[in-house]
Amino acid sequence: SDLEREKQDFVRSVEDLGQHVLKSLDDGVGRTYENQKRLEAEAKALEIKAVAFANEISRWTEMYSSFNDALKELGDVKAWAQGIEADLVSINTSLSEVASKGEKKEVKASEGTSTPAKSDVKSKSSSK
């Protein structure tokens, strides 16, 4: 009977140990399962954020490209305007030179057609 009691105590102790080990394993498995679920949820949230971020980067890249193209066009317009300005300055310089040469010719021509001196008039009239 002592032996029987010790045997029953031993069996209960082994059962308790088994229950305790199983409970510990179940708790560990449960925590692992919960952690796995949480990690999967966080991974999905991160994936959604990554896709949103990639879309935002794509929009920014498109806006940058449009802005860069607009700047290039402005640069082209600026170069065109500078070319036109240089042409207009060249035309203005040429016209100024032509006008000043024309004024010099008018002055020389007017000096040549001035009223003759009295001695010239006398010599012309005496030759008649």
Side-chain angles (χ1 to χ4, degrees):
S1 81
D2 267 347
L3 186 60
E4 209 42 52
R5 203 174 340 136
E6 285 184 26
K7 185 178 174 186
Q8 287 176 355
D9 287 342
F10 178 74
V11 170
R12 265 188 247 123
S13 295
V14 170
E15 284 177 356
D16 288 345
L17 177 64
Q19 291 295 327
H20 183 65
V21 169
L22 283 176
K23 187 173 182 337
S24 293
L25 283 174
D26 283 346
D27 289 346
V29 169
R31 279 194 306 270
T32 302
Y33 179 76
E34 291 301 318
N35 287 341
Q36 181 180 359
K37 287 292 188 183
R38 193 182 85 243
L39 287 173
E40 286 175 359
E42 288 179 11
K44 283 182 182 180
L46 182 60
E47 181 181 4
I48 290 169
K49 287 180 182 180
V51 168
F53 185 65
N55 290 337
E56 190 172 335
I57 287 174
S58 178
R59 285 192 303 271
W60 276 98
T61 302
E62 288 173 14
M63 287 186 347
Y64 169 78
S65 180
S66 296
F67 181 69
N68 195 32
D69 290 345
L71 284 179
K72 284 180 185 177
E73 289 176 15
L74 284 177
D76 292 345
V77 169
K78 183 178 179 184
W80 173 80
Q82 287 172 339
I84 295 293
E85 182 181 14
D87 290 346
L88 291 174
V89 167
S90 175
I91 291 169
N92 186 35
T93 302
S94 297
L95 289 174
S96 295
E97 288 175 5
V98 168
S100 94
K101 286 180 182 176
E103 287 175 3
K104 288 179 183 176
K105 285 184 181 178
E106 283 182 17
V107 169
K108 286 183 181 177
S110 66
E111 287 175 359
T113 59
S114 62
T115 54
K118 287 185 181 179
S119 59
D120 290 339
V121 173
K122 286 181 185 176
S123 61
K124 284 185 184 177
S125 57
S126 58
S127 58
K128 286 186 184 175

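Heavy atoms only: backbone and side chains are in, while hydrogens, waters and symmetry mates are out. These numbers come from a predicted model, not from an experiment.
Rounded to the nearest 0.5 Å, atoms CH2 (Trp60) and CD (Glu56) are 7.5 Å apart. Interatomic distance, CG of Asp87 versus CD of Glu85, reported as 10.0 Å (0.5 Å rounding). Between the CD atom in Glu97 and the CG atom in Asn92 there is a gap of 10.0 Å [rounded to 0.5 Å]. Here CG of Leu39 is found 11.5 Å from CG of Leu46. Values are rounded to the nearest 0.5 Å.
Val11 and Leu17 fall into different hydrophobic clusters, where Ile, Leu, Val, Met, Phe, Trp and Tyr residues are linked whenever their side-chain heavy atoms come under 4.5 Å apart, directly or through other members. In the hydrophobic clustering of ILVMFWY residues, with side-chain heavy atoms under 4.5 Å counting as a link, Leu88 and Trp80 come out together.
Residues passing the salt bridge (charged side-chain N to carboxylate O under 4.0 Å, His left out) test with Lys44: none are found, sequence neighbours excluded.
Note on residues 3-17: pairs passing side-chain hydrogen bond (donor to acceptor under 3.5 Å, both in side chains), not counting sequence neighbours, are Asp2-Arg5, Asp9-Arg12.
Side chain of Thr32 to backbone of Gly28: a donor-acceptor contact under 3.5 angstrom is found. A donor-acceptor pair under 3.5 Å is formed between the side chain of Thr61 and the backbone N or O of Ile57.
In this structure, Met63 and Arg59 have side chains that are not in contact, with every pair of non-hydrogen atoms separated by 4.5 Å or more.
For the pair Asp27 and Lys23, the salt-bridge criterion is met [side-chain N within less than 4.0 Å of a carboxylate O]. One finds no salt bridge joining Arg38 and Glu34 here, because no Lys/Arg side-chain nitrogen approaches an Asp/Glu carboxylate oxygen to under 4.0 Å.
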